[in-house]
**Student:** 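Let me begin by handing over the structure; questions about it come next.
So you know, we letter chains A, B, ... as the sequences are listed, proteins then strands, and number each from 1.
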Amino acid sequence: MIRVHQLSKIYTDWQHGDSIALNAISFAAKRGEIYGLLGTNGAGKTTALRILATVLAPSSGNATIDGCDVVKDSALVRQKIGFVSSNTAIYDRMTAWELVTYFGRLHGLEPELLRDRMEGVFAQLEMHDFRDVLGAKMSSGMKQKTSIARALIHDPPVLIFDEATVGLDVLAGRSLLDTVCVLRDQGKCIVFSTHIMREAERLCDKVAILHRGRFLAEGNWRDLSQQHGHADLEELFFELIREDRSIHSASSPPASAGGETSVSMAASGLT
Amino acid sequence: MRWSNIRLVFWRECRDQLRDRRTLFTIAVLPLLLYPLLAISVFQVAQFRHDHPSRVWVIGAKRLPTQPSLLSGDRFSDGLVDSATQELIALGSAPPNWIALSQKALSERVQQEIQQGHVDAVVLFPDDFSLRLEELNRQMAKRPTGEGKPVVQFSEIPEPTLFLNTANDKSRLAAQRTKQVLQSWREQIVRAGLRSRQIPVSATRPFRVAHVDLAEAGHEQLAFWSRLLPFVVMIWALTGAFYPAIDLCAGEKERGTLETLLTSPADRREIVCGKLLTVTTFSSATAVLNLSSLVLTGTLFFGQMELIDGAQPLRIGTPPITAVVWLLMVLIPISALFSALSLGIAVFARSNKEGQYYLMPLLLVCLPLMILPVLPASELDAGTSLIPLSGILLLLRTLIEGDYLQAARYCLPVLGVTGLGCWLAIHWAVHQFNQESVLFRESERVGLRSGLKHWWRHRQATPGVTGALCCGLLLLFIRFFAGSQASMPATWRDFVSSQLLVQVGLLAVPAILLARLLGRRVRDGLLLRWPGYKPVMAGGLLAFCFHPLGMELTQLIHNLYPLSDAIGKQLRELESIMGPASLGTLLLTMAVLPAICEELTFRGLLFSGLRRSGRPGFTILTSSLFFGAIHGVFQQSLSAFVVGILIGGLAWKTTSILPGILFHCTYNALSVLLGLVVPLYLPTQPLLQLFFDGADGALRYHPLVVGSGGLACLAIGSWFRGMRVNTYPAQPVRDQRPDTPATDSLSATPIA
């Protein structure tokens with residue numbers, strides 16, 4: 001369903017020169033599978049997901065979704081994905097119903113089909129109570145539900161969740177994770193980025209630990225835990241990050257101590 | 001592009017804007033309230049307005065002549081001024097000891113009294129004023145008449161002195177009223193003298209000038225409204241475009257909804273078109289509502305008001321309906337232009353707040369262009385019709401004034417320029433939406449000190465884009481500051497000195513220093529690199545072939561925008577001081593020196609920094625803009641801008657300033673030869689007559705030479721076009737891991 005091969009992304013910065021946000025990552029995810037992208041802030045998770053969502057163009061490598069290339073067939077790819085970000089991205093002056101209708105119509109759904117889908121999605125996510133509430137007056141949970149409804153309205157085979165639980169309370173967070181599980185069970189291919197290891201343990205069939213734009217480990221998490229001798233994903237994550245940092249600091253000359261600072265500055269906000 | 005998606009985006013944005021109270025207030029409420037409130041305020045203020053009586057003190061009043069008398073009791077005599085003015089002057093006496101004061105001491109005392117508000121103006125009649133005036137009258141009475149009689153030398157009368165403070169409005173008004181009285185009194189004295197000599201009073205005024213005003217009824221009002229209405233519409237079209245544009249772009253970025261929208265099936269052009277339509281709609285609506293409100297208020301209120309314009313008050317009258325019709329017709333392209341510009345600028349902003357900061361620069365650029373047509377001397381002609389915004393405002397003015405022939409003559413150039421502006425602005429807005437660096441620009445919260453430290457450690461071989469822009473602005477500032485302080489050279493030696501100072505001291509040396517400061521390698525920072533013989537020689541040849549075209553362009557610019565008298569005079573003076581210079585010195589000063597120094601600055605320092613953006617158009621146009629601006633004289637700047645584009649193209653292709661230096665040097669040398677040498681030999685040299693035509697007084701290339709030069713330029717240009725762009729000096733990619741090899745800069749291709 002999703003195939004990523006040697007995907008790289010270089011950000012050009014007028015002031016600080018270019019910096020590599022993604023460095024030749026490769027992975028694949030199947031239908032009915034949740035693929036977890038784990039990493040610290042600035043690791044390159046959002047960049048990778050934005051490339052999959054055709055918002056950013058890769059600098060090299062390629063990625064396909066359901067056989068469609070994210071660069072060459074970007075319009076087709078956008079028909080096949082639903083994108084949910086940590087920033088709930090709700091219009092303040094639109095109600096939940098209006099917003100989902102708007103995106104449904106952008107996806108070219110016929111009015112009758114759209115109405116049926118709306119009713120179904122709103123029922124599934126229990127959104128009828130606040131369907132006529134303006135975005136500005138919604139709680140974080142309501143906003144995230146609306147955001148998921150927007151992503152689901154055209155029934156895409158692939159769903160991309162970019163740190164979708166950030167800012168949600170425990171109940172809303174649990175509800176979202178349950179929804180993701182249900183979607184997986186419906187046969188959707190889901191890419192789920194997070195830096196909360198417990199979520200990944202609970203949800204993901206496969207995980208990739210991303211740090212400084214590179215995969216430190218990738219595969220079924222149970223295989224990974226056996227391979228590295230850790231029962232806990234969080235411990236595995238910390239160990240891999242520590243190792244990577246020690247390699248980096250050992251091979252880095254003292255004069256380039258500012259390198260890390262500059263990279264984090266250039267990639268600030270690119271989680 | 002799918003119209004259904006554009007329509008969807010358009011309707012959503014419209015609904016969103018209509019639900020925004022701030023937008024509604026700016027678009028609908030403000031215009032509906034603004035003008036009526038303004039009119040009511042003016043009327044209210046006018047009711048409270050009253051004429052301020054002037055307090056005037058007269059020193060030496062007791063010794064004034066009685067016939068004709070200036071004073072009558074404690075006021076000026078009747079008949080000197082109209083009764084209304086007379087009522088507004090309150091006469092008073094200065095302290096008695098003031099008459100003995102010196103002029104300086106008296107001035108200080110009067111100044112003090114004016115500042116304290118005790119008096120507004122003081123008139124001092126000297127001691128012997130009355131006696132000398134009587135003496136004059138006696139001399140006039142005794143003056144012999146008839147031919148051959150000697151002319152009597154009249155004694156001079158000491159002048160009365162009026163003390164006032166021109167910085168004080170009340171004092172200025174008091175002095176004006178007092179002067180009126182004194183002039184009238186002087187005329188009475190003259191008339192009395194003439195009557196005593198039995199000379200007719202009309203001898204002092206043998207004739208009067210009669211006025212016949214040929215302005216058609218209502219034409220003055222039309223002229224007033226033709227200036228006001230288009231200006232108001234433009235301002236509101238701009239304002240009405242900008243605020244929705246900020247909300248639609250920066251607001252979406254701030255809320256995070258833009259990213260979501262980009263993942264929808266609507267492609268970016270569809271999104272931009274939908275947003276552009278929305279902004280254009282709101283811009284037009286704002287302008288229309290303002291226009292309606294102004295016309296309505298004008299009809300109800302301003303129609304009764306009068307403007308004091310000279311001696312005759314001008315009744316403003318009601319706005320003409322034809323003006324409204326013309327404005328509505330031209331509103332759409334104006335709104336589209338402003339909307340596309342606003343959208344392109346607003347998408348650059350990261351937040352609503354930041355977007356509002358960008359309004360000021362846009363206003364600063366647009367306002368002078370909007371004010372130009374309001375100025376009294378400006379009119380629609382070939383030159384002004386090509387100026388963006390000014391041209392369309394002048395066209396509107398001409399149409400409203402009813403000069404349809406003139407409007408028809410320049411209608412096409414005006415609409416062409418506006419259409420081109422629209423197209424470029426829309427293209428730019430779409431381009432901005434395709435730029436990842438623009439859409440996902442993150443704020444860098446870096447302190448000044450740490451930022452400077454970071455920049456110094458990580459500075460590249462050449463200055464960056466921001467550094468280059470700052471350098472350009474700094475050099476422009478230095479150049480104009482020094483230029484405003486310098487005087488016009490009087491001799492050839494002075495001229496050479498000033499050229500050396502400007503070219504070396506203000507351009508080349510700062511450029512080298514800045515290249516050293518902002519980059520690691522001066523040679524790279526100045527693009528000092530040998531590109532091979534062929535490109536350098538081709539640069540010189542290109543200048544040779546382009547010169548006839550360049551001269552035609554200069555001529556065209558001078559026809560469109562003639563030099564002002566002052567600039568023309570200065571240039572003629574400059575030419576006159578070149579007389580004693582030898583040809584070699586002339587070429588060194590006018591061709592070689594500017595070629596080296598200006599190229600080091602504009603295609604060296606600025607260009608090397610700008611080219612790091614990776615965008616040839618941006619790099620070449622921006623460096624050419626600075627190159628044009630440094631030339632000072634507008635007409636010269638225009639031709640320098642075009643030449644700058646050519647040299648910029650050479651610099652982009654060869655990554656060197658050397659072809660540009662040879663181009664610049666050859667071009668300037670040819671101009672010097674054409675201006676100073678060719679005219680001397682043209683009448684006697686048949687070979688020169690094959691190339692040049694000096695029949696109508698102005699030396700020009702033969703059209704055949706111009707055409708051949710153009711074709712040769714195309715050939716050389718295509719040769720350069722075929723050259724592989726040299727990426728020297730390559731920008732290393734800074735990796736996070738030191739063991740990763742540097743990667744070539746990869747351009748990020750936008751996804752449509």
**Student:** Tell me, for Glu252(B) versus chain A, whether the close heavy atoms (under 4.5 Å) come from the side chain, the backbone, both or neither.
**Tutor:**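 For Glu252(B), the side chain is the part near chain A, not the backbone.
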
**Student:** Using heavy-atom distances under 4.5 Å, tell me whether Leu258(B) contacts chain A through its side chain, its backbone, both, or neither.
**Tutor:**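 For Leu258(B), no heavy atom lies under 4.5 Å from chain A.
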
**Student:** Let me confirm one number: the OG1-CG distance from Thr101(A) to Leu106(A), rounded to the nearest 0.5 Å.
**Tutor:**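 With rounding to 0.5 Å, OG1 (Thr101(A)) is 11.0 Å from CG (Leu106(A)).
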
**Student:** Does Asp247(B) pair with Arg93(A) as a salt bridge, N-O distance under 4.0 Å?
**Tutor:**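 A salt bridge is present here (some side-chain N lies under 4.0 Å from a carboxylate O).
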
**Student:** Check Glu259(B) with Arg50(A), please: is the shortest side-chain N to carboxylate O separation under 4.0 Å?
**Tutor:**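 A salt bridge links Arg50(A) with Glu259(B).
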
**Student:** Which atoms of Phe103(A) come close to chain B, meaning under 4.5 Å heavy atom to heavy atom: side chain ones, backbone ones, both, or neither?
**Tutor:**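 Looking at Phe103(A), just its side chain touches chain B.
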
**Student:** Side chain, backbone, both or neither: which part of Ile90(A) has a heavy atom under 4.5 Å from chain B?
**Tutor:**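 Just its backbone gets close to chain B.
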
**Student:** Under 3.5 Å, which donor-acceptor pairs do the side chains of residues 148-156 of chain A form with other protein atoms, sequence neighbours left out?
**Tutor:**
{"unit_1": "Arg150(A)", "atom_1": "NH1", "unit_2": "Phe83(A)", "atom_2": "O", "d": "3.3"}
{"unit_1": "Arg150(A)", "atom_1": "NH2", "unit_2": "Phe83(A)", "atom_2": "O", "d": "2.8"}
{"unit_1": "Arg150(A)", "atom_1": "NH2", "unit_2": "Ser147(A)", "atom_2": "OG", "d": "3.1"}
{"unit_1": "His154(A)", "atom_1": "ND1", "unit_2": "His107(A)", "atom_2": "NE2", "d": "3.4"}
{"unit_1": "His154(A)", "atom_1": "NE2", "unit_2": "Ile81(A)", "atom_2": "O", "d": "2.8"}
{"unit_1": "Asp155(A)", "atom_1": "OD1", "unit_2": "Lys188(A)", "atom_2": "NZ", "d": "2.3"}

**Student:** Who among Lys72(A), Gln79(A), Glu98(A) has the most heavy-atom pairs with chain B under 4.5 Å?
**Tutor:**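 Most heavy-atom pairs within the cutoff with chain B belong to Glu98(A).
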
**Student:** Can you list the residues that meet the side-chain contact (heavy atoms from CB on, under 4.5 Å) rule with Arg520(B), with sequence neighbours excluded?
**Tutor:**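 Only Arg459(B) meet the side-chain contact (heavy atoms from CB on, under 4.5 Å) criterion with Arg520(B).
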
